[in-house]
Amino acid sequence: MLHSAELEYDAATAISQGRRDRQEDAVAADFLAGAGTGFAVLADGMGGHAAGDVAARIVVTEVFSELKLRAGEPEQLEPAIGEVLHSAADGANACLGEYASHQPQVQAQGMGATLLAPVLFRDRLYWISVGDSPLYLFRDGALIRLNADHSMAAELEKLVARGRMDPAEAAAHPDRHCVTSVLTGGGIPQIDCRSAPVRLQHGDIVLAASDGLLFLAEEEIAEVLAAECHSPSARIGAALMRRLEALDAPEQDNAAFCVIKPFDPQAPLPAPAEPAAPQVQMPEPPPEPAAAHQRAGRRVITFLASATWRDAPGAGRSKTDASA
């Protein structure tokens with residue numbers, strides 16, 4: 001029996017359509033207060049396929065339902081988590097195939113979605129992933145990608161590391177953003193399933209995201225997490241969304257993510273910031289007009305609205321499937 005740190009979780013999801021005509025990301029999470037266990041499921045529909053938005057929702061619905069049915073008995077779920085996650089992925093994949101078999105247009109053009117599902121039991125993190133949606137751990141100022149990257153970009157970087165490709169050639173490769181494994185209803189070329197846990201600790205931040213978040217460099221993501229590491233997960237999500245919006249990228253893809261903060265409920269609160277150094281007393285300025293006083297005291301409050309998915313008319317292209 002694994003020793004368990006009694007961690008609880010603060011989690012929040014967020015989603016943005018970006019500059020696309022259609023929302024093809026989907027995300028859902030289940031973290032009950034005080035439960036000490038929880039999970040998130042995220043899928044990124046393939047924009048180069050018909051019905052990528054439907055594919056993402058099918059994958060999230062099927063995997064979420066399978067995990068939710070078993071979440072009430074964590075003592076039985078954890079020892080079988082690898083098998084359960086594989087079964088959930090296979091079930092979602094089969095549903096995609098069944099849906100496509102009744103849609104002539106989909107049969108002709110194909111449909112698909114990535115899958116990323118982190119599952120937590122107290123201080124232990126497991127996951128399954130298919131595709132290029134990243135799962136990060138932020139600890140002690142460092143951002144670490146935990147899951148495999150099933151994309152041509154990862155394959156090209158391996159060639160660069162082995163000295164078989166020039167870095168500039170790899171960076172400009174036309175197939176760089178193609179995925180090499182995805183749920184389509186057929187065979188699944190690659191699956192990354194963590195059956196041995198990664199140990200978490202108080203102060204960590206787990207971030208599951210679609211690749212739309214990667215319009216930000218990993219250094220920028222780490223900068224946001226470092227600045228907001230003592231903030232609630234919803235505020236961290238809002239800060240990441242603001243940073244994406246500030247880019248104002250004309251090709252901004254759909255972006256969805258779940259921020260998960262494991263915490264020890266018995267841990268002391270962060271120490272208050274050091275008081276500011278005393279300032280030199282300056283002569284009082286002459287009185288200002290009343291209107292100026294009113295503006296000076298205004299407060300700005302930002303709210304984060306999160307959802308699992310939403311529809312929009314039209315079609316957008318976010319990435320292509322290398323196997324198509």
Side-chain angles (χ1 to χ4, degrees), residues 13-27 42-57 59-60 109-116 129-136 143 145 149-157 160 167-182 184 207-224 237-259 304-324:
T13 59
I15 194 164
S16 168
Q17 191 166 314
R19 294 294 185 90
R20 303 301 186 187
D21 295 327
R22 181 182 302 230
Q23 177 57 266
E24 294 185 321
D25 285 358
V27 61
L42 183 145
D44 182 356
M46 299 295 98
H49 295 68
D53 55 339
V54 176
R57 280 179 268 160
V59 169
V60 167
Q109 299 185 27
M111 67 186 297
T114 69
L115 166 64
L116 175 57
S129 67
V130 178
D132 58 354
S133 298
L135 177 66
Y136 290 115
L143 187 70
R145 178 161 181 160
D149 180 2
H150 300 149
S151 73
M152 280 300 296
E155 299 301 319
L156 294 169
E157 292 305 322
V160 171
E169 182 185 357
H173 198 285
D175 295 330
R176 183 175 181 83
H177 298 293
C178 294
V179 291
T180 56
S181 187
V182 68
T184 62
L207 176 62
S210 68
D211 71 340
L213 182 63
L214 299 185
F215 275 65
L216 296 175
E218 290 186 346
E219 293 79 8
E220 293 177 280
I221 297 172
E223 181 182 324
V224 172
L240 288 169
M241 282 299 186
R242 286 196 301 272
R243 184 65 70 93
L244 272 181
E245 291 168 1
L247 286 178
D248 197 26
E251 295 299 320
Q252 176 65 55
D253 197 359
N254 306 148
F257 51 82
C258 181
V259 180
L304 172 66
S306 64
T308 56
W309 54 267
R310 60 188 177 89
D311 290 323
R317 185 178 181 86
S318 58
K319 63 166 80 70
T320 56
D321 177 10
S323 63

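We number each residue from 1, following the sequence as shown.
With sequence neighbours excluded, the residues that form a side chain to side chain contact (heavy atoms under 4.5 Å, CB included) with Val224 are Ala239, Leu240, Arg243. Taking Arg145 as the reference, Pro134, Tyr136, Asn147, Asp149 meet the side chain to side chain contact (heavy atoms under 4.5 Å, CB included) condition, with sequence neighbours excluded. Residues passing the side chain to side chain contact (heavy atoms under 4.5 Å, CB included) test with Ala217, sequence neighbours excluded: Glu219, Glu220.
Here the SG atom belonging to Cys178 is positioned 10.5 Å from the CE atom belonging to Met46, to the nearest 0.5 angstrom. Atom CD of Glu218 sits about 14.0 Å away from atom CD of Glu223, to the nearest 0.5 Å. In this structure, Arg20 CZ and Asn254 CG are separated by 7.0 Å, a value rounded to the nearest 0.5 Å. Rounded to the nearest 0.5 angstrom, Phe257 CZ and Met241 CE are separated by 4.0 Å. The CG atom of Leu115 sits 8.5 Å away from the CG atom of Leu42 when rounded to the nearest 0.5 Å. Atom CZ of Arg22 sits about 4.5 Å away from atom CG of Asp53, to the nearest 0.5 Å.
With salt bridges taken as basic N to acidic carboxylate O contacts below 4.0 Å, none links Asp25 and Arg57.
Taking all atoms of both residues into account, the shortest heavy-atom contact from Gly212 to Ala255 is C-CB, 3.9 Å. Considering every non-hydrogen atom in both Ile15 and Ala256, the closest pair reads CG1-CB, 3.8 Å. Shown here for Ala249 and Arg19, the closest heavy-atom pair between the two residues is O-CG, 3.4 Å. What you find for Ala113 and Val182 is that their closest heavy atoms are O-CG2, 3.0 Å.
Here the side chains of Val60 and Val27 are not in contact, with every heavy-atom distance at 4.5 Å or above. Looking only at side-chain heavy atoms (C-beta outward), Leu244 and Leu216 come within less than 4.5 Å of each other. Using a 4.5 Å heavy-atom threshold, the side chains of Ile221 and Leu214 count as touching.
Side-chain contact check for Ser210 and Ser133: no donor-acceptor pair (N or O, by modelled atom type) lies under 3.5 Å.
Between the side chain of His150 and the backbone N or O of Ser181, no donor-acceptor pair lies under 3.5 Å.
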